[in-house]
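Structure, as structure tokens:
First the proteins, then the strands, lettered A, B, ... as listed; each starts at 1.
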Amino acid sequence: MKITLKVWRQKDKNSKGAFKTYPIDDVSQDMSFLEMIDVLNESLVKKGEEPIAFDHDCREGICGMCSLYINGRPHGPLQTTTCQLHMRSFKDGETITVEPWRAKPFPIVKDLVVDRSSFDRIQQAGGYVSVNTGGVPDANEIPIPKRIADEAFDSATCIGCGACVAACKNASAMLFVSAKVSQFAMLPQGQVERKTRVEKMVAQMDEEGFGACTNTKACEAECPKEIKITNIARMNREYFAAMMSSTNV
Amino acid sequence: MKLESKIPEGPLGEKWTKHKFNLKLVNPANKRKYDVIVVGTGLAGASAAASLAELGYNVKAFCFQDSPRRAHSIAAQGGINAAKNYQNDGDSVYRLFYDTIKGGDYRSREGNVHRLAEVSVNIIDQCVAQGVPFAREYGGLLSNRSFGGAQVSRTFYARGQTGQQLLLGAYSALNRQIANGKVEMHNRTEMLDLVMVDGKARGIITRHLITGKIEAHSAHAVLVCTGGYGNVFFLSTNAKGSNVTAAWRAHKKGAFFGNPCFTQIHPTCIPVSGDHQSKLTLMSESLRNDGRVWVPKNAKPGLKAMEAAGIPESERDYFLERKYPSFGNLVPRDVASRNAKYVCDEGRGVGSGLAVFLDFADAIKRDGEKTIEAKYGNLFDMYKQITGDNPYKGPMMIYPAVHYTMGGLWVDYNLMTNVPGLYALGEANFSDHGANRLGASALMQGLADGYFVIPYTIGDYLAGMSYEKISTDRPEFKEAMENVNGRVGKLLGIKGKKTVDQLHRELGLTMWDYCGMSRTEEGLKTAKKKIQELRAEFWENVNVVGGSGELNQELEKAGRVADFMELGELMVDDALNRSESCGGHFREESQTPEGEAKRKDDEFSYVSAWEYKGDNQQEVLHKEELIFENVKLTQRSYK
Ligand SMILES: Cc1cc2nc3c(=O)[nH]c(=O)nc-3n(C[C@H](O)[C@H](O)[C@H](O)COP(=O)(O)OP(=O)(O)OC[C@H]3O[C@@H](n4cnc5c(N)ncnc54)[C@H](O)[C@@H]3O)c2cc1C
Ligand code: SF4
Ligand code: FES
């Protein structure tokens with residue numbers, strides 16, 4: 001098939017970017033979206049031009065490294081990661097627009113690569129149970145009802161890709177943050193630090209400049225791991241409960 | 001030079017306990033006077049960095065991704081072994097030890113493997129305490145499954161995302177120490193050289209992947225936790241960025257490379273779909289519990305999955321069931337892989353010719369589509385998404401792919417390489433899996449190394465070091481920085497005609513053809529020559545566009561491929577030297593009358609440890625004899 005790619009090119013953080021158009025003639029339906037860019041990039045290198053920079057690593061939909069805003073949607077037309085998207089999801093002759101995630105807390109590094117270190121800093125603020133290595137009880141001394149364990153697992157599957165932020169008109173990170181808060185709020189291991197955790201993570205989220213949640217649900221619709229918006233409701237409850245009673249922060 | 005494995009004396013079950021007692025300790029108040037560099041923050045590196053920081057050491061950690069949470073450990077699906085015996089089915093530390101030694105085809109150390117089995121139980125406790133959501137039973141206790149042909153259920157899992165959940169656990173422990181200021185984390189930073197001072201590892205040289213800045217870092221010890229080197233084959237189940245660079249540069253600074261030719265090839269991967277193929281995707285091994293593997297008896301080139309139903313039973317060859325009546329489709333990974341290759345070599349492959357069917361029609365007829373969907377739904381969906389074919393309607397197509405590398409930097413019982421102060425952990429070392437790794441044992445080993453071995457053993461070394469920090473202004477650092485800068489400049493200056501990927505693909509093909517599932521002396525000699533030629537071509541004809549002071553992904557790739565070009569030859573040398581078959585290493589010259597791998601224990605009961613001798617020089621082989629005091633060596637049989 002033939003494809004026309006309209007790609008955002010930007011030299012670095014401080015330069016001004018612009019779209020550049022590339023026609024590609026020999027696209028196979030079986031290619032993944034990233035393989036299609038690989039093919040384009042290889043042809044650019046052969047011409048001595050700089051290839052398009054984009055983030056990726058596992059190419060299995062699990063590391064959360066790939067991004068791309070494709071035809072106005074994070075990770076493209078399917079509810080999956082960009083690396084799991086294949087060209088058979090597009091039509092012969094189609095023009096595809098590819099942009100980086102657009103959100104203030106995710107500054108553009110180059111072309112399609114953005115800086116998501118704000119996500120790490122939110123996790124560093126409290127996304128853990130404070131246990132040192134060694135000296136912990138036997139694993140089966142902490143029984144957890146299967147239903148709770150399964151629900152906590154659902155929240156824990158977030159891959160930290162940032163599609164939720166890219167999808168949101170307010171650039172809110174609530175879905176991402178609430179997934180971690182929920183995982184620990186549900187599990188017995190998370191109880192001791194339950195209040196301080198949500199307070200610290202929310203404070204860091206605000207400090208990074210992520211926007212407020214106005215319940216448009218765009219995040220849930222685009223999340224490749226189907227993280228549910230109910231996590232946000234839970235985080236709000238956790239947060240207010242903590243603010244009412246906590247003396248920790 | 002005699003290699004000291006430092007395996008403690010005494011009965012197997014007491015070695016580690018006694019060793020821990022005999023190791024020197026660093027006083028709690030003095031730990032903060034020592035700096036430790038941890039390169040790589042996958043399961044091995046993140047667990048080590050967090051644990052060492054908790055003890056009080058100052059840690060500097062590095063990874064090339066934009067966050068430690070993205071290391072390739074994240075992609076592990078199946079699970080993690082531990083000798084908990086929660087299922088009361090006869091498991092024990094000794095049984096896990098025994099299975100691992102046997103599974104590795106008697107090419108690993110008894111002492112190391114027993115320690116691994118001992119600490120396996122602590123890993124599960126640790127991960128649960130961190131809040132890792134393992135699968136559970138209705139009564140609230142942990143669930144287990146049997147994995148990779150094991151006869152007991154000792155595998156702990158978190159749906160098909162065990163690696164992800166374990167890594168996020170280790171990442172959370174690491175984050176806590178970053179927040180505490182005990183770990184200084186450097187993301188998007190690649191180690192490009194090791195710095196030696198007075199014969200000891202004292203630092204590293206890095207390149208920041210966004211700014212291109214080359215920097216020096218000094219410390220009292222360096223840990224290489226940078227994963228496996230399967231990407232030497234270009235196509236593998238590893239992540240695109242997985243590489244050998246850190247380990248290889250350490251090798252060139254004197255660290256021996258252990259058993260480089262031991263590679264694991266996984267039988268159930270999605271076949272290559274065209275020249276554009278950039279990596280291969282693993283489909284969980286559990287599929288072989290219900291899927292039947294077959295090809296047509298007579299070659300039918302280009303046969304599609306949707307045409308399979310039209311082939312009558314009498315014209316199908318269920319070759320694993322035919323050759324191995326008792327194990328059938330559940331033979332070990334290497335046996336299943338090799339037999340798929342044989343039928344495709346005979347021209348009986350389906351699809352592109354490099355694929356065999358994995359057929360669920362009988363299972364669906366027997367159990368109903370609902371049951372099969374409940375068991376494998378997510379895998380079937382993934383298969384459909386990637387190939388466009390519906391596995392409920394026709395068979396899957398699968399083909400073997402490179403998956404794991406048992407070889408790696410040679411380490412002693414303390415996980416120290418032969419270079420003082422340089423350690424290797426996780427897939428980057430050669431230590432515990434011998435010639436073949438059992439399913440669900442890599443996650444176990446990575447976390448054992450990081451949480452429960454290095455925190456003890458590193459103290460023994462550091463206790464003998466002065467607190468004095470070393471300045472990166474010293475000539476050793478300056479020289480290493482110059483070398484790194486020179487190499488970057490050289491790569492950018494060649495301006496040849498071939499892309500990095502083109503050359504990498506050619507290398508991969510050579511490795512796959514001659515040093516893959518099945519190896520011969522003649523083929524390996526051909527490969528050696530081809531790799532040498534390719535390496536020469538690389539340094540004359542590669543085209544790396546862009547500059548050095550910016551994000552330049554072509555430059556990153558070029559540096560890694562240059563190292564693969566050297567490693568590839570060493571793998572071939574090692575495979576040539578080991579003229580026996582064992583585990584994943586199959587030399588056609590050494591097989592039983594039934595065509596199975598035949599070990600030569602009298603000649604090859606040793607670890608190969610290779611010493612670098614300079615660019616384009618033949619490496620020198622050192623042998624560490626393997627001593628078996630507890631297990632009897634037997635020939636594997638799956639008939
Ligand atoms: C698809 C797949 C499925 C698997 N499933 C299982 C399973 O079910 N059970 C099991 O036990 N094992 C499984 N394995 C194997 C297992 O996942 C790996 O062996 C293990 O996770 C490796 O961990 P590691 O910490 O050694 O390395 P990795 O997780 O690969 O981490 C390497 C780290 O090193 C860093 N790094 C690399 N090079 C450099 C450099 N030059 N400079 C700086 N940093 C660098 C990376 O950024 C990363 O942080 C699977 C492997 C694959 C590929
Ligand atoms: S919540 Fe979903 S979209 Fe947001 S970072 Fe996690 S996986 Fe990505
Ligand atoms: S590259 Fe890892 S999720 Fe897409």
Side-chain angles (χ1 to χ4, degrees), chain A residues 12 28-31 34-35 38-39 42 45-46 48-51 53 55-60 62-65 80 84 86 88 109-110 113 115-117 119-120 123-125 127-133 136-140 142-146 149 152-153 156-157 160 183-184 187 189-190, chain B residues 50-51 54 65-67 69-70 72 74-75 84 86 122 124-126 128-131 133 135-142 158-159 161 164-165 168 171-173 175-176 178-179 187 210 239-241 273-274 276-279 281 385-386 388 451-452 455 499 501 543 545-546 550-551 553-554:
Chain A
D12 54 35
S28 139
Q29 292 219 331
D30 290 331
M31 284 179 183
L34 297 183
E35 284 169 346
D38 288 342
V39 169
E42 203 160 352
V45 173
K46 282 185 182 151
E49 290 177 39
E50 266 202 54
D55 267 330
H56 64 103
D57 199 29
C58 74
R59 297 203 178 189
E60 290 188 17
I62 192 76
C63 73
M65 186 104 178
T80 181
Q84 292 297 290
H86 286 73
R88 69 180 77 88
V109 170
K110 181 175 183 174
V113 176
D115 176 356
R116 286 171 286 195
S117 53
F119 266 19
D120 276 340
Q123 296 296 339
Q124 287 156 17
Y128 43 76
V129 176
S130 297
V131 289
N132 283 354
T133 302
V136 298
D138 182 86
N140 261 351
I142 314 175
I144 303 171
K146 182 168 163 45
F153 178 87
T157 57
Q183 178 194 343
F184 288 138
L187 293 173
Q189 299 94 310
Chain B
S51 304
E54 286 162 9
Q65 291 94 345
D66 68 337
S67 161
R69 68 179 296 151
R70 309 206 198 281
H72 197 49
I74 202 119
K84 280 285 198 187
Y86 280 163
N122 305 111
I124 304 303
D125 298 343
Q126 189 63 36
V128 166
Q130 290 167 346
R136 286 175 185 269
E137 305 291 351
Y138 283 101
L141 301 183
L142 292 162
R159 272 180 228 163
Q161 281 140 270
Q164 179 198 29
Q165 294 308 319
L168 293 181
Y171 166 72
S172 74
N175 277 336
R176 181 168 155 247
I178 296 173
N187 298 334
I210 304 287
K240 288 299 284 175
S273 75
H276 56 261
Q277 193 84 30
S278 62
K279 75 153 273 162
T281 302
Q385 196 157 38
I386 294 176
Y451 283 135
F452 296 111
T499 65
D501 280 347
N543 184 13
V545 294
E550 57 181 338
L551 173 61
Q553 294 172 324
E554 287 297 306

query = In terms of heavy-atom pairs under 4.5 Å, which option from A:Val45, A:Asp115, A:Thr80, A:Ile142 contacts chain B the most?
reply = A:Val45
remark   = Distance col, row A:Met65:CE vs B:Arg69:CZ, nearest 0.5 angstrom, shows 12.5 Å
note = Those residues at least two apart in sequence (or on a different chain) that pass ring pair (Phe, Tyr, Trp, His ring centres under 6.0 Å) with A:Phe119 are A:Phe106, A:Phe176, A:Phe210
task = Kindly write out the residues that satisfy side-chain contact (heavy atoms from CB on, under 4.5 Å) with A:Val39, not counting sequence neighbours, or none if the list is empty.
result = A:Met31, B:His276
query = Which atom names give the shortest non-hydrogen contact between B:Pro133 and A:Ala149, and what distance separates them?
reply = CB-O, 4.3 Å
Note, B:Glu137 side chain near A:Lys146 side chain (heavy atom, < 4.5 Å) = no
inquiry  = For A:Ile144, which atoms come within 4.5 Å of any heavy atom of chain B: side chain, backbone, both, or neither?
reply    = both
query = Taking every heavy-atom pair that is under 4.5 Å apart, which of A:Val113, A:Asp30, A:Asp57 has the most such pairs with chain B?
reply = A:Asp57
message = For a quick check under 3.5 Å, do A:Gln123 and B:Asn175 share a side-chain donor-acceptor pair by atom type?
response = no
query = Does A:Gln183 reach the main-chain N or O of B:Gly131 with its side chain, forming a donor-acceptor pair under 3.5 Å?
reply = yes
task = Would you give the length of the straight line joining atom NE2 of A:His86 to atom CD of B:Gln385, rounded to the nearest 0.5 angstrom?
result = 7.5 Å
ask   = If you look at every heavy atom in B:Ile124 and A:Ala139, which pair is closest and at what distance?
value = CG2-CB, 3.9 Å
query = Does the side chain of B:Asn187 come within less than 4.5 Å of A:Asp120's, by heavy atoms?
reply = yes
Spacing of A:Cys58 atom SG and B:Lys279 atom NZ [to the nearest 0.5 Å] = 6.5 Å
query = What are the two closest non-hydrogen atoms of A:Ala156 and B:Leu168, and how far apart are they?
reply = O-CD1, 3.7 Å
query = With chain A, which of B:Ala50, B:Gly388, B:Ala179 has the greatest number of heavy-atom pairs at distances under 4.5 Å?
reply = B:Gly388
query = Is the shortest heavy-atom distance from the side chain of B:Glu554 to the side chain of A:Pro51 under 4.5 Å?
reply = yes
ask   = Between A:Ser117 and chain B, which part of the residue has a heavy atom less than 4.5 Å away: side chain, backbone, both or neither?
value = neither
message = Using side chain to side chain contact (heavy atoms under 4.5 Å, CB included), reason through B:Ser278 and A:Arg59 one step at a time and then give a plain yes or no.
response = CA-CA 9 Å; B:Ser278 62; A:Arg59 297 203 178 189; 2.8 Å; yes
message = If we ignore hydrogens and angles and just use 3.5 Å, is the side chain of B:Arg70 paired with the main-chain N or O of A:Gly160 as donor and acceptor?
response = yes
Student check: side-chain heavy atoms of A:Glu49 and B:Val545 closer than 4.5 Å = no
note = Heaviest contributor of heavy-atom pairs below 4.5 Å to chain B, chosen from A:Glu50, A:Gln29, A:Glu42, is A:Glu42
task = For each of A:Pro145, A:Pro137, A:Gly190, A:Ala152, tally heavy-atom pairs with chain B at distances under 4.5 Å, and name the one with the top tally.
result = A:Pro137
message = For a 4.5 angstrom cut-off between non-hydrogen side-chain atoms, does B:Gln553 reach A:Lys110?
response = no
Beyond-backbone contact of A:Asn140 with B:Leu142, side-chain heavy atoms, under 4.5 angstrom = yes
inquiry  = A:Glu60 vs B:Ile386, test: side chain to side chain contact (heavy atoms under 4.5 Å, CB included). Steps then yes/no.
reply    = CA-CA 10 Å; A:Glu60 290 188 17; B:Ile386 294 176; over 6 Å; no
task = Check whether A:Val131 gets within reach of chain B through its side chain, its backbone, both or neither, counting any heavy atom under 4.5 Å.
result = both
ask   = Does any non-hydrogen side-chain atom of A:Lys46 lie less than 4.5 Å from one of B:Asn543?
value = no
message = What I'd like to find out is whether the side chain of A:Asp38 reaches to under 4.5 Å of the side chain of B:Asp501, using heavy atoms alone.
response = no
Contacting moiety of B:Gln65, where chain A heavy atoms sit under 4.5 Å = both
key: chain A contacts, top residue of B:Ala135, B:Ala158, B:Gly139 (heavy-atom pairs, under 4.5 Å)   = B:Ala158
ask   = In Å and rounded to the nearest 0.5 Å, what is the CZ to CD distance from A:Phe153 to B:Gln165?
value = 5.0 Å
query = Of the listed residues (B:Asp125, B:Ile178, B:Val128), which shares the most heavy-atom pairs with chain A below a 4.5 Å separation?
reply = B:Asp125
message = Let's go through A:Ser130 and B:Arg176 carefully: what are the C-alpha distance in whole Å and the side-chain angles of both, what is the deciding distance for side chain to side chain contact (heavy atoms under 4.5 Å, CB included) to 0.1 Å, and is it a yes or a no?
response = CA-CA 7 Å; A:Ser130 297; B:Arg176 181 168 155 247; 3.4 Å; yes
note = The interface call for A:Thr157 against chain B, heavy-atom contacts under 4.5 Å, is both
key: Pair A:Asp12-B:Glu550, side chain to side chain contact (heavy atoms under 4.5 Å, CB included): steps then yes or no   = CA-CA 8 Å; A:Asp12 54 35; B:Glu550 57 181 338; over 6 Å; no
key: Nearest non-hydrogen partners of A:Thr133 and B:Ser51, listed with the distance   = OG1-OG, 2.8 Å
request  = Would you mind telling me which of B:Arg159, B:Gln277, B:His72, B:Gln161 has the largest number of heavy-atom pairs within less than 4.5 Å of chain A?
outcome  = B:Arg159
ask   = Say you draw a straight line from CG of B:Asn122 to CG of A:Asp138; how long is it, rounded to the nearest 0.5 Å?
value = 10.0 Å
